[in-house]
Amino acid sequence: MGLDVHHISFRYGARTALDDVSFSLAEGRLNALLGPNGAGKSTLYALLTQLFRLQSGEIRLDGHSIRGPSRVLKQQLGVVFQQSTLDLDLSVMQNLEYHGALHGLSRRQVRQEAGSLLERLGLGDRHRDSIRSLNGGHRRRVEIARALLHRPSILLLDEATVGLDTAARQAINRHVRELCREQSLTVLWATHLIEEIAPDDPVLVLHQGRLQADTTAERLCRQQQVPTLGAAFEQLTGLRAPTPCS
Ligand SMILES: Nc1ncnc2c1ncn2[C@@H]1O[C@H](COP(=O)(O)OP(=O)(O)OP(=O)(O)O)[C@@H](O)[C@H]1O
């Protein structure tokens, strides 16, 4: 399922958060959305998920323009926001069941789907555990499982690995790449961490609301005539590429 963003601009009063942004997601791939703080990533996610109304431009799903609240878009998108929305006192499965009910799935459907998703995400034995008892990396994986429960074809992750240690970040990155490969899942992976991006990943670089690059990481390095994506990022934004804290 193709997702295109076509000439989107968005303002908060006098402040421009997105300025004429257009791109198409590569299907079945992890599309990295790289941008420093304040680049406009969260605003873009709020528009894609229809949390905010478009001010100008359009979103197209498989070539069809989405106008107004769309059930089709809702069905095709799975979303993991920056802030966790899991209920800490409920179990992993209860959290998934609650979300499934919102999407009209029966308990049985949820249990079937959740079983294989949790297995795939390395949480096969944690169904009954409360969210509170899980570490940050495992909570993130539950959120990914929850986002995929209704079988969307596109997964939007907004800084999904923020605050996690290196091992947990790498594990989540690996799991998401497996889902792309094995299920042709299309992913938009917003990050400010260069190290999460592979050389052949499609990369969108957003800075001050403008799309500065739409290519693969290796092509971007060639275009900018620099050896690393970090150096290309610095050249495009004038900012040092952030490195993880741990
Ligand atoms: N509610 C708001 N009111 C006014 N300005 C806002 C609001 N939300 C965001 N902005 C501004 O819009 C721009 C884009 O912000 P946005 O949160 O989309 O960026 P971001 O790339 O997600 O940043 P971060 O990584 O820090 O979350 C920034 O200049 C920000 O200050």
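Numbering of residues begins at 1 and proceeds along the displayed sequence. Each ligand, and each atom within it, is numbered from 1 in the order the structure gives.
- Applying the 4.0 Å criterion to heavy atoms of Gln82 picks out, from ligand 1, the atoms 27 (O).
- Residues Ser42 and Asp158 have side chains that bring a donor and an acceptor to within less than 3.5 angstrom of each other.
- Checked for salt-bridge contact, Glu159 and Lys41 meet the test: a charged N lies under 4.0 Å from a carboxylate O.
- A heavy-atom distance below 4.5 Å is not found between the side chains of Leu118 and Arg126.
- Looking only at atom types and distance, the side chain of Arg11 has a donor-acceptor partner in the side chain of Thr16 under 3.5 Å away.
- For atom 14 (C) of ligand 1, the closest heavy atom belonging to the protein is Gly38 O, 3.4 Å.
- The local environment of CD in Glu182 is crowded, with over 12 non-hydrogen atoms from other residues, nucleotides or ligands closer than 6.0 Å.
- Rounding to the nearest 0.5 Å places OG of Ser106 at 11.0 Å from CD of Glu113.
- Looking only at protein heavy atoms, the nearest one to atom 15 (O) of ligand 1 is Thr43 OG1, 3.9 Å.
- Ranked by closest heavy atom to atom 17 (O) of ligand 1, the top entry among Pro36, Ser42, Gly35, Ala39 is Ser42.
- Side-chain contact annotation: Ser9 with Asp20, donor-acceptor N/O pair under 3.5 Å absent.
- Not a single heavy atom of Gln208 sits less than 4.0 Å from an atom of ligand 1.
- Nearest-residue assignment for atom 19 (O) of ligand 1 (options Ala17, Gly13, Ala190, Gly40; heavy-atom criterion): Gly40.
- With hydrogens left out, the protein atom closest to atom 29 (O) of ligand 1 is Arg15 NH1, 3.3 Å, a heavy atom.
- Which parts of ligand 1 touch Lys41 is read off a 4.0 Å heavy-atom cut-off, strictly below it: atoms 18 (O), 19 (O), 20 (P), 21 (O), 22 (O), 25 (O).
- The heavy atom nearest to atom 2 (C) of ligand 1, out of those in Phe52, Tyr12, Tyr45, is found in Tyr12.
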